[in-house]
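So the structure is just underneath, and the comments pick up after that.
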Amino acid sequence: MIDLSTTLGNAWFPSPLFTASGCASSGKELAQFIDLREIGAVVTKSVMSKPRHGRPTPRIAETPSGMINSIGLQGPGIDQFLAQDLPWLVSQKARVIVSIAGETVEEYATLARKVRSAPGISALEVNISCPNVENRGLVFACDPDASRRVIDGVRKTLGGELPIIAKLSPDVTDLVSIAKGVVDAGADGLALINTVLSMVINLETMRPHLGAKTGGLSGPAIRPIAVRAIYQVHEALPTVPILGMGGVATGRDALELILAGAKGVSVGTASFGDPAAIISIQNELKELLKVREFTSVAQAVGYAHRPVEDIDTRHEQ
Amino acid sequence: MIDLSTTLGNAWFPSPLFTASGCASSGKELAQFIDLREIGAVVTKSVMSKPRHGRPTPRIAETPSGMINSIGLQGPGIDQFLAQDLPWLVSQKARVIVSIAGETVEEYATLARKVRSAPGISALEVNISCPNVENRGLVFACDPDASRRVIDGVRKTLGGELPIIAKLSPDVTDLVSIAKGVVDAGADGLALINTVLSMVINLETMRPHLGAKTGGLSGPAIRPIAVRAIYQVHEALPTVPILGMGGVATGRDALELILAGAKGVSVGTASFGDPAAIISIQNELKELLKVREFTSVAQAVGYAHRPVEDIDTRHEQ
Amino acid sequence: MSPINKFSGRMIATVVSNKRVGQYHQILLNVGEMVNNCKPGNFVAIKVGGENAKMILRRAFAISRVSLTGPYGGSMELIVAPFGQGSKWLCSQDEGSEIDLIAPLGTAFGIPTQPVRALLVGGGYGSAPLFGLAEVLKNRGCRVDMYLGASTGGKIYAPMEGKRSVNVLRIYTEDGSMGERGRVTEPIPTLIADGLVDVIYSCGPMPMLRAISEIVAGSDVVHQCAVEESMACGVGICMTCVLPVADADGNVSMRRSCIDGPVMDGANVAWDLVGKVPEVFP
Amino acid sequence: MSPINKFSGRMIATVVSNKRVGQYHQILLNVGEMVNNCKPGNFVAIKVGGENAKMILRRAFAISRVSLTGPYGGSMELIVAPFGQGSKWLCSQDEGSEIDLIAPLGTAFGIPTQPVRALLVGGGYGSAPLFGLAEVLKNRGCRVDMYLGASTGGKIYAPMEGKRSVNVLRIYTEDGSMGERGRVTEPIPTLIADGLVDVIYSCGPMPMLRAISEIVAGSDVVHQCAVEESMACGVGICMTCVLPVADADGNVSMRRSCIDGPVMDGANVAWDLVGKVPEVFP
Ligand SMILES: Cc1cc2nc3c(=O)[nH]c(=O)nc-3n(C[C@H](O)[C@H](O)[C@H](O)COP(=O)(O)OP(=O)(O)OC[C@H]3O[C@@H](n4cnc5c(N)ncnc54)[C@H](O)[C@@H]3O)c2cc1C
Ligand SMILES: Cc1cc2nc3c(=O)[nH]c(=O)nc-3n(C[C@H](O)[C@H](O)[C@H](O)COP(=O)(O)OP(=O)(O)OC[C@H]3O[C@@H](n4cnc5c(N)ncnc54)[C@H](O)[C@@H]3O)c2cc1C
Ligand SMILES: Cc1cc2nc3c(=O)[nH]c(=O)nc-3n(C[C@H](O)[C@H](O)[C@H](O)COP(=O)(O)O)c2cc1C
Ligand SMILES: Cc1cc2nc3c(=O)[nH]c(=O)nc-3n(C[C@H](O)[C@H](O)[C@H](O)COP(=O)(O)O)c2cc1C
Ligand code: FES
Ligand code: FES
């Protein structure tokens, strides 16, 4: 028997496999294909305080082993989310991590206040890869100071109960310092990585293919970037739990992120190719752990960091 | 007839297709498969002042639609390069862009001084994606100030003749400001992009696969990142010539980078899959330009930036 | 829970046959019992490129027809234009190849409970689902006229057998190489003015759907169209495939064409906003 | 210009046959005139995964044997272990499939001008190029002994026909399931001590090559080994495949195993530095 359970801050999950924000909509649609109770948790699409139309179409272009998207956080807004989507997930007995996004430090705090009183939430993911309207649209996650202020505001509003997971962007010069900043400001964990800013030019129109021009690259193409990010941050902050993501499509990939330091793994783009991907990944992961004689996921977290001299002491633990 | 010629600063090339630094060794090996005179130029492997062994093996791992490498600038050093490799290329009538790399601002200047007196060079590519030993190994290209100082030192040493192309890393928060900095410091052009810092974990050893742990991601996986980088920088600095690279494997890809703003396109990883790739890409590009009724490469450079209202005036130019 | 996709599932289907028909491939897949849940208008999402493919997203194709009884049990027909890498791969799959698919997906054409006069308008491979639809309508006692259009004759898909369920079949090509020269939308205003049509079912390029919507606007004719937007997931989880659609109060929001479509009421689509977004949220 | 790769070229070859032999696949490719330039020790770089593959690098395989006269003209034989995605793909290619390859690449085993007593040591699929080599040596009048080793019998590749060119063939498996139980390197010290061997040719896992190098060290026996390092390009342009190799003065530098190898003089390889780099530059 392999113990698949994991924790992120004080939240416990029976499996380390999660949906990725924005890649499972509100959960209902995925539930046609998988039993939501079987996975670690549903991470919801990032919700903002007001309803949003998102960006113009086309919103997607496929790229080699990846895709770029520019959804632009289309969604119903926090009030409708809490009134409809969340209760449905809770009624299904799914564990839920709510993802929030804002355009100002204040909006994040407002969202945290609303989420605070909602029942059935395991953790809060704070997506700070959003343009900060108060600072020339500079993405919060690319600005150490703004990232810190967002998390600080959320922490203060939320109180100490719900774990806060700050979701970072890989599009920065110094990821580790951003990570340290948000942890100092009160984040209990880190979600790594959001999509990589990218573009595809349509060779027929000879203009950027996406309506929004640029979009975020996801899928297996970016997995080596995600592994590096997770490894670097785990090395610098070994006690901070990491929810890893970026191109995970098989159990092998999930294990790679776990060995690098992830305590949980979100599956995003792979669900578009197969809505039941997360379940096969979970089964494959279990098998791979068994073959490697791990008895729990916890033993494998960050295992790639062990010193070369180390004798394998897993069995004695 | 399609005019394939292009310029980078005051250097003229009969074709916009170049090898990518580090992906053609010194040129000799590739010459077994293609006629070096047929392409724009050979961009040589980045050369340092002293001979280098590079990093330990394994130095490569394949990834979905990409690969990561950690060669670590193995090479003969500038003196042997100028004594042997360069004269050979010149004797073959290949056009040559010499790429230099250093660990200190001073080393770059020294390299520039040595290159200055060597005949047969069309341009100098300055690879600043190297660790700066004087500043905790922080990569020059990730530090606006250090990048500027490198280019400033090279410009002052080199004089005004040879175009300087500064090669930038995409691993930064604000690529445009780094680009502006090096242009202010005297770069005549920009090479975009170097590889993306990445990692692969070997599932057998359960450690980082590469001897050097991290490596640079290249190949089609990163093309959308390259296109975005080129588009952003061309938008901000429309008059600065860009040598684009990153995942180009077909004529379609080369045209995509050109439409985004590249005046020249380097082919790297694709040559590993097919040493004659650059020639097929060149032929395909010619065909694609023809179908789109361009009569020159120059007309297509940055074409994706034209305002939406624009009537197509190419034929009248 | 939304009933959409309730009956959809993933399976590995075998290619029964793959024939070139004009510029298309007519691909027959053995899908067994699944056909019981497939309705005209539904689509299928197919994994392309084989095991080691760099293509990671499924491709959507309308289900052209299904048949329960056949030499191989339940089968599904697709009409595929070899367009890009994915559709070309599918067109290159020989008899016996295995295809990973998810179906049936999306909304279906609404079938009237009364016998009505139906006009089915297809553009290019858009005619594919119309023949299956024609059969259903015919069985309900409807009068079924079908107008098909394309730029050129090779892009008209109109199989012999399909014509049986149709009262009138007219073909329009822009180059005049087959049927009448002109656009398939041209004769529609007169038909409507003459009161000869109650419902229009359409499938084809978005500009054609929009043109029909504009023609029927102001008339009593109902227009059910099968839209086509780029889809990443096909099952409602990615929000890439949205179109601006008005609700009963006229408020426009971005609806997913994979689960709120592909069949939509043409009158509700805010055609002028396609590729844009509504200025403000209602 | 270096003569390396002078005769190499890219071509599309057809699979003549693909047979399972133990845990390997014996794949015969129709390569025509190319065989004239192939020497024992050379390798071939193969594009894997088909047209839409996410795999972008070629895979290296030793040329096991070539034959000019055959029912199909010049053909080349490979012995492939289905290991990861690329080699599994190759092993799944049926007769008639087309394979994109570049060959012949790399250095070849040196052939003595005098008749010598040669010992050929192969580990796993490493025996592949040794049978072609044995034939050449035999024709030069050499005495050819062959020792093959593997963990288990299914991993021994030793075709019937190949044995004709060999004086003695001994097989060692670690689990004793075929031949003698033990490692293929164990009997070598005695052979050398008894003065029964002049040259050792080896091909197999790096630890085996290293062990042989250590065994022959200090003796007069020449050791030509075919090394195996991860290769990205196979033609000398990427610098990924390097090994620490000493020159005549004993200075170690990182040499490319694709063009300065795969066949190298075992005495020159700085085995203790493999996977490391020399501390300082000479
Ligand atoms: C509901 C629906 C039904 C369809 N029915 C049919 C049909 O019956 N027969 C048929 O030949 N084609 C049909 N299409 C179009 C078909 O899906 C595309 O032609 C196909 O996906 C192109 O893939 P590709 O790999 O060949 O092209 P590529 O351009 O390489 O595709 C790249 C990406 O763009 C998307 N894409 C490209 N073109 C289209 C398009 N026109 N519509 C939507 N997405 C696109 C692809 O899905 C893929 O994600 C349908 C599309 C939809 C949405
Ligand atoms: C000169 C040479 C001769 C060889 N001859 C044979 C032979 O005759 N028969 C045979 O079965 N195999 C041979 N190999 C090993 C063979 O190249 C690898 O097993 C194969 O490339 C693995 O590819 P994959 O896609 O199956 O595995 P993956 O692990 O998916 O490959 C990923 C990457 O790692 C590289 N790689 C993985 N394993 C090896 C390895 N052992 N050596 C070198 N690179 C590796 C691959 O080339 C590829 O770039 C030879 C290798 C070399 C260098
Ligand atoms: C269509 C799409 C929508 C996304 N929406 C969100 C979002 O709303 N909030 C967020 O934090 N991340 C969002 N992401 C990023 C993913 O959660 C994830 O970080 C990223 O895609 C990398 O994982 P993957 O390669 O498994 O998809 C989105 C990604 C995609 C592809
Ligand atoms: C094996 C390898 C070695 C490289 N060496 C260098 C180098 O010495 N100097 C440099 O500026 N870039 C180097 N690069 C980066 C390439 O020049 C190029 O910027 C990058 O690989 C993206 O292009 P590609 O995707 O076409 O390979 C190297 C890349 C690879 C794959
Ligand atoms: S295609 Fe994903 S929501 Fe419609
Ligand atoms: S494999 Fe590229 S240099 Fe040897």
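Only this structure's heavy atoms are used, side chains among them; waters, hydrogens and symmetry mates stay out. Quick note on labels: first sequence line is chain A, next is B, and so on, each numbered from 1.
- For D:Glu174, the CD atom counts as densely surrounded, since its 6.0 Å shell holds more than 12 non-hydrogen atoms of other residues, nucleotides or ligands.
- Per-residue counts of heavy-atom pairs under 4.5 Å with chain B were compared for D:Ser230, D:Gly234, D:Ala45, D:Ala232; the largest is that of D:Ala232.
- Between D:Gly275 and B:Pro56, the shortest heavy-atom distance links the atoms O-CB, 3.2 Å.
- Sorted by first then second residue, the ring-ring contact (aromatic ring centres under 6.0 Å, His included) pairs that include residues 18-46 of chain B, not counting sequence neighbours, are B:Phe13-B:Phe18.
- By the 4.5 Å heavy-atom criterion applied to side chains, B:Ile71 and D:Cys238 are not counted as neighbours.
- With sequence neighbours excluded, the residues that form a side-chain hydrogen bond (donor to acceptor under 3.5 Å, both in side chains) with D:Arg58 are D:Asp100.
- Minimum heavy-atom separation, B:Pro275 to D:Ile102: CD-CD1, 3.4 Å.
- Taking every heavy atom of both residues into account, B:Thr57 and D:Thr240 meet most closely at CG2-O, 3.9 Å.
- For the atom pair B:Leu30 CG and D:Cys233 SG, the distance stands at 9.5 Å (nearest 0.5 Å).
- Residue B:Arg55 qualifies as open at atom CZ: its count of foreign heavy atoms under 6.0 Å is 12 or below.
- At a threshold of 4.0 Å, the pair D:Glu229-B:Arg59 does not count as salt-bridged, since none of the basic side-chain nitrogens sits closer than that to a carboxylate oxygen.
- Interface remark: of the candidates B:Pro58, B:Gly66, B:Gly54, B:Gly66 forms the most heavy-atom pairs closer than 4.5 Å to chain D.
- Within the 4.5 Å cutoff, the side chain of B:Gln74 has heavy atoms near those of the D:Val242 side chain.
- Within a 6.0 Å radius of CZ in B:Arg37, no more than 12 heavy atoms belonging to other residues, nucleotides or ligands are found.
- For a heavy-atom cut-off of 4.5 Å, chain D lies close to B:Gly22, B:Cys23, B:Ala24, B:Ser25 in residues 19-27 of chain B.
- For CD of D:Glu214, the number of neighbouring non-hydrogen atoms (other residues, nucleotides, ligands) closer than 6.0 Å is greater than 12.
- Panel note: side chain B:Glu62, backbone D:Leu57; a donor-acceptor pair is recorded below 3.5 Å.
- For residues 47-56 of chain D, the interface with chain B (any heavy-atom pair closer than 4.5 Å) comprises D:Lys54, D:Met55, D:Ile56, sorted by residue number.
- Here the side chains of D:Val235 and B:Glu29 are not in contact, with every heavy-atom distance at 4.5 Å or above.
- Here the CG-CE distance, from B:Leu73 to D:Met239, works out to 10.5 Å after rounding to the nearest 0.5 Å.
- Taken from NZ in B:Lys45 to CD1 in D:Ile237, the straight-line distance is 11.5 Å, to the nearest 0.5 Å.
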